[in-house]
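Take a look at the structure below.
One-based numbering along the sequence shown.
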Amino acid sequence: MIRKREPRWQSAAERARVAAELIEEAESLTETSTIASPADLLRAALPPPVTAQLPQAQPAPGALPPTPALPSAEPTLDDAIALDPDNVTLLVERAELLAGAGHYRAAQQDYERVLRINPTHGEALTGFGIVLSRRGLWSDAVPQLRRASEVDPGRASAWYYLGEALNHVDELSGALVAYERAVELEPRNAKALYGLGIVLDRLNRPDAATQMYRRSREATGR
């Protein structure tokens with residue numbers, strides 16, 4: 001008769017011994033690990049030590065003066081705005097960069113500053129509406145994008161994002177008009193075509209929606 005293989009640990013005492021060894025090993029790993037302690041974190045948060053600066057050596061009599069050092073870095077966009085805080089072009093450029101990096105609140109502040117200077121700036125109104133949309137503030141985005149489409153009716157992006165915002169707040173008739181205008185300005189705008197299909201679907205017009213979906217796929221080369 002073939003006997004069944006006995007388990008690795010024959011008794012409760014054997015299992016207890018192995019468990020104790022594992023606990024001891026874990027404790028030794030904890031003691032020798034490189035995880036930072038609270039004191040380490042506090043030290044890391046302190047400012048760097050002050051570096052003493054030695055006085056510059058005086059040039060020898062008759063020697064040529066030292067060549068001035070070149071600036072270590074080119075002026076940044078922030079530097080340019082600090083010198084000219086009401087420069088609308090620079091503010092819009094920085095707002096677009098901030099929004100592209102996901103810093104929506106900072107971008108919003110720049111757009112708001114532009115609109116205080118020029119309330120009918122179409123690009124800033126559109127950007128402001130997009131930032132509010134990215135933050136999920138669809139109702140707040142609608143008036144900004146509607147105003148953008150009024151002052152700059154040839155801007156397809158203003159109409160497209162207005163359609164997006166209106167669709168999210170269930171103003172389907174307005175969303176339909178906005179998407180249609182975006183497609184008129186950019187017939188191969190795949191996103192606008194797709195959004196138009198969604199609104200048509202919601203308006204129980206499946207045949208027209210299917211046509212828009214097909215056009216959207218064609219515009220993306222699928």
Side-chain angles (χ1 to χ4, degrees), residues 74-203 205 208-209 211-213 215-216 219-220:
E74 295 182 359
T76 65
L77 188 56
D78 290 340
D79 296 332
I81 292 174
L83 295 173
D84 190 2
D86 291 336
N87 189 312
V88 168
T89 301
L90 295 178
L91 287 168
V92 169
E93 182 180 352
R94 186 171 69 176
E96 290 175 349
L97 292 172
L98 289 168
H103 303 300
Y104 300 130
R105 291 183 183 275
Q108 179 175 334
Q109 292 176 356
D110 278 350
Y111 283 130
E112 288 174 333
R113 189 191 301 185
V114 171
L115 294 172
R116 285 194 293 269
I117 300 167
N118 181 2
T120 60
H121 195 287
E123 188 175 359
L125 285 165
T126 303
F128 189 13
I130 293 172
V131 165
L132 292 171
S133 299
R134 292 284 185 269
R135 295 179 57 196
L137 303 174
W138 300 103
S139 296
D140 295 334
V142 168
Q144 305 299 330
L145 294 165
R146 182 171 281 136
R147 181 63 174 151
S149 65
E150 292 171 353
V151 302
D152 193 359
R155 186 178 293 274
S157 58
W159 289 104
Y160 164 69
Y161 284 103
L162 176 60
E164 289 279 286
L166 290 171
N167 183 36
H168 276 83
V169 298
D170 296 327
E171 291 188 26
L172 298 184
S173 58
L176 183 67
V177 172
Y179 279 134
E180 287 177 339
R181 181 59 179 150
V183 171
E184 287 176 7
L185 293 169
E186 293 182 352
R188 296 190 62 80
N189 187 326
K191 290 183 178 180
L193 289 164
Y194 188 78
L196 189 53
I198 291 175
V199 171
L200 289 167
D201 252 338
R202 297 188 66 191
L203 291 170
R205 296 170 58 184
Q211 183 180 359
M212 292 302 111
Y213 293 144
R215 287 181 59 186
S216 177
T220 57

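For Arg147 (side chain) and Pro119 (main-chain N/O), no donor-acceptor pair under 3.5 Å exists by modelled atom type. For Ser216 (side chain) and Met212 (main-chain N/O), no donor-acceptor pair under 3.5 Å exists by modelled atom type. Proximity of a side-chain donor or acceptor of Asp201 to a complementary backbone N or O of Ile198 within less than 3.5 Å is not detected. Of the possible donor and acceptor atoms, none in the side chain of Arg181 sits under 3.5 Å from a partner among the backbone N and O of Ser149. Formation of a donor-acceptor pair under 3.5 Å by the Tyr160 side chain with backbone atoms of Ala192 is not found in this model.
Sorted by first and then second residue, the side-chain hydrogen bond (donor to acceptor under 3.5 Å, both in side chains) pairs involving residues 98-107 (not counting sequence neighbours) form an empty list.
Across Gly122 and Val151, no two heavy atoms sit closer than the pair CA-CG2, 4.0 Å. A pairwise comparison of heavy atoms in Thr126 and Ala148 identifies OG1-CB, 3.4 Å as the closest pair. Leu193 approaches Pro187 most closely through the heavy-atom pair CD1-O, 3.6 Å. In this structure, Asp110 and Arg94 approach most closely via the heavy-atom pair OD2-NE, 2.8 Å. Looking at every heavy atom in both residues, Ala141 comes nearest to Ser133 through CB-OG, 3.4 Å.
Within a 6.0 Å sphere centred on OH of Tyr194, heavy atoms belonging to other residues, nucleotides or ligands number 12 at most.
Under the 30°/60° scheme for interplanar angles, the aromatic rings of Phe128 and Tyr111 are found to lie parallel.
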Margin query: Determine whether Asn167 and Leu172 satisfy the following criterion, side-chain contact (heavy atoms from CB on, under 4.5 Å), listing intermediate values before the conclusion.
Written below: CA-CA 6 Å; Asn167 183 36; Leu172 298 184; 3.6 Å; yes
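Residues Ile81 and Asn87 are not in side-chain contact: their nearest non-hydrogen atoms beyond the backbone lie 4.5 Å or more apart.
Partners of Arg155 under the salt bridge (Lys or Arg N to Asp or Glu O under 4.0 Å) rule, at least two apart in sequence or in another chain, are Asp152.
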